[in-house]
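As the structure lists them, so they are numbered: ligands from 1, and atoms in each ligand from 1.
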Amino acid sequence: MNQIHGPAQDTTLRLLSVAGEMYPFVKTGGLGDVVGSLPAVLAQHGIDTRTVLPGYPAVLRALSAHHETVRIDNVLGYAVTLREGRAHGRHLYVVDVPELYDRPGNPYLGPDGQPWADNGIRYAVLCRVAALIGAGELSDWKPDAVLSHDWHAGLVAAYLKYMPGPTPAVAHVIHNLAFQGLFPREMMGAFGLPDQAYDSGDVEFYGQIGFMKAALQVSHRLISVSPTYAEEIQTPEEGMGLDGILRARSNVLTGILNGIDLRDWNPLTDPAVFFPYAVGDLAARRANKRVFQAEFGLPQNPDALLLGMVSRLTTQKGADLLAALAPRLFEDNIQLAVVGTGDRDIMQAFMQLQARYPKNCICHLRYSETLGHRLHSAVDASLIPSRFEPCGLTQFHALRYGSVPIAARVGGLSDTIVDANSAAVMEGVANGILFAPTTEDTMLLAIRRAQALFRQKAVWARMQRNGALHDVSWETKGAHYARLLMDMTGRHPMAREAENAIAPRRGDPVSSPQNTTRPAARMPRGRNGEQASSILPFPRTGTRA
Ligand code: ADP
Ligand code: GLC
């Protein structure tokens, strides 16, 4: 294969990232966002990242016509065409096996909403190809390190371990321990792993083969997507059966919070926002709320607390609790806008709420990147009542767009949000509202607390401004990743990282409305009208099976 020349020439570390999804090609949730944004972040630290992805139709479409191919004849019984090229600035290796990946819609689920029956072999082939690249299959590029994500890439470390010769070290990122990739023991032959891998416990998990288990057991480093989640998953309550191994490997487990791409999430340039505004400019948000209410058929009452939720509608996200609680909120004249898709029962419950309370509740039960952005530019508060949340990205979106997050005190939510308790309000440091445990009653109390603060205009505005100032960027988090990878491969952290310095605040400065050149407002295109944006090519569903 000829090398595709890019900015990788002077880099100090070659990194192979492996994942089941990547924004902007294929995304079912935050996993795709993170896999899609990390390469640019790591490039700032001299890391050349190339990502191995399955050859889903959307990925192949995005790959430019000018790509190189290499044939690998027999990967677990499949003929692989490996396509290398650049798309949307990302350097990709795409595993093209039409029998396995040429399927429309959600990458993991069939049209019946169930996981594809052959998901084991689909992601084993992905992992196997990644391991082959890691072991030097390509003549022109060999990675120094591998970054594998979630269960879909969980077998890479195990394949590498049982290959002869020197192989790169693997850091595995745990985005969500709830999805583990469990398959029957009888698949060992199909997965092409030696019996020893099972007998030694490397891939065995209670009599089955566990992709996530294998990654936790064999990888050199483990990264969870927030420091609190790193602690939580070491407990029996939150460890999903894997807490024992995580405790045993706690010396290599690090929690690094996610960030978001500030170019995608900039209310001044975001095409989804009706009245563009600078981060921290609260005046334009009032107009956005008014138009949003009109677009969604809600009464245009500026004093009604408008709550929003953009989420997979699943029990992890507490969407069932919100649906059950909603009638009690509507008694208080609260408005609720939901953009989400997921479990059938929960979607049904929201449809019923909308039919019963049309003046209070509007639901868009589908995946819409545009509405997912617009909502945070217009609502007063964004609800995130998760039962568990490894990191969560929607609180970052809310903070940046000036919507106050009301969230469960779990995982990455508690690492991001400063609760508006009386001390924090007095000190002027609060940026949201936290509640625990995750129940209807605690959520109700939190929302009532929000309502009371919302009436104190100055306090609420201070919370919004604090949120806008909060560093939601990848800047410092990227440096953590880089340091970990450099350390894992025996390299010295780069000088610019300034480990002991107080990091300058990143994220856009909060500009005053006076200094802001505000582009013309974009008016709605009628109820539910979508504007052109990088909308993803298929609907979200509720699971990452
Ligand atoms: P998770 O990955 O567990 O679903 P995150 O908060 O990490 O949760 O990331 C969810 C991502 O998916 C965010 O970028 C969010 O805006 C987006 N998202 C979720 N549901 C929808 C939807 N129905 N429409 C648009 N974006 C959505
Ligand atoms: C998972 C988690 C979510 C996290 C995302 C990206 O989907 O559920 O909390 O933000 O991965 O790391």
### Query
Atoms of ligand 2 less than 4.0 Å from P390 heavy atoms?
2 (C), 8 (O), 9 (O)
### Message
Below 4.0 Å, non-hydrogen atoms only: which portion of H397 touches ligand 1? Side chain, backbone, both or neither.
### Response
side chain
### Query
Got Y108 and F179 here, is their nearest side-chain heavy-atom distance under 4.5 Å?
no
#### Entry: Winner among S368, C391, G372 once heavy atoms are compared against atom 24 (N) of ligand 1
S368
### Task
Using heavy-atom distances, let me know which of E369, H364, K317 sits nearest atom 1 (P) of ligand 1.
K317
## Note on the structure
Among G392, S224, S226, G30, closest by heavy atom to atom 4 (C) of ligand 2 is G392
### Message
For a quick check under 3.5 Å, do T49 and S17 share a side-chain donor-acceptor pair by atom type?
### Response
no
### Query
At a 4.0 Å threshold, what atoms of ligand 2 neighbour a non-hydrogen atom of V225?
12 (O)
### Query
Would R285 and D380 pass as an ion pair if we require N to O under 4.0 Å?
no
### Task
Pull out every atom of ligand 1 sitting under 4.0 Å from any heavy atom of V339, numbered as shown with elements.
23 (N), 24 (N)
### Task
Under 4.0 Å from a heavy atom of R312: give me the atoms of ligand 1 that qualify, with their elements.
1 (P), 3 (O), 4 (O), 20 (N)
### Query
Given that the side chain starts at C-beta and the backbone is N, CA, C, O, which of these parts of N176 lies under 4.0 Å from ligand 1, counting heavy atoms, or is it both or neither?
neither
### Task
With the side chain counted from C-beta on, respond yes when R286 and Y277 share a heavy-atom pair under 4.5 Å apart, and no when they do not.
no
### Summary
Sorted by chain and number, sequence neighbours left out, side chain to side chain contact (heavy atoms under 4.5 Å, CB included) with R449 holds for D419, I433
### Message
Can you tell me if K27 contacts ligand 1 (heavy atom of the residue under 4.0 Å from the ligand)?
### Response
yes
### Within reach of ligand 2, part of L31 (heavy-atom separation under 4.0 Å)
backbone
### Message
Go through it in stages, so that I can follow the logic: the residues are H88 and Y23, the test is ring-ring contact (aromatic ring centres under 6.0 Å, His included), and I'd like the CA-CA distance, side-chain angles, deciding distance and then a yes or no.
### Response
CA-CA 10 Å; H88 294 279; Y23 180 86; 8.6 Å; no
### Region of N258 that comes within reach of ligand 2 [heavy atoms, distance under 4.0 Å]
side chain
### Query
Checking side-chain hydrogen bond (donor to acceptor under 3.5 Å, both in side chains) against D270, which of H376, R374, H373, R263 comes through?
H373
### Query
Can you find an N or O of V34 that's nearer than 3.5 Å to an N or O of ligand 2?
no
### Ligand-side contact atoms (ligand 1) for residue partner D33, heavy atom cut-off under 4.0 Å
11 (C), 13 (C), 14 (O)
### Task
Enumerate the atoms of ligand 1 whose separation from the nearest heavy atom of G392 is less than 4.0 angstrom.
6 (O), 7 (O)
### Task
Ignoring hydrogens, just give me the one of Q316, E389, R312 whose non-hydrogen atom is nearest atom 9 (O) of ligand 2.
E389
### Message
Under 3.5 Å between any N/O of C391 and any N/O of ligand 2: does that happen in this structure?
### Response
yes
### Message
For T489 versus A145, what's the shortest heavy-atom pair and its separation?
### Response
CG2-CB, 3.7 Å
### Query
Does a donor on one side chain sit under 3.5 Å from an acceptor on the other, for Q316 and R312?
yes
### Query
Are K477 and F396 in a cation-pi contact, defined as NZ or CZ under 6.0 Å from the six-membered ring centre and within 45° of the axis?
yes
### Query
In Å, rounded to the nearest 0.5 Å, how long is the span from CD1 of I346 to CG of L365?
11.0 Å
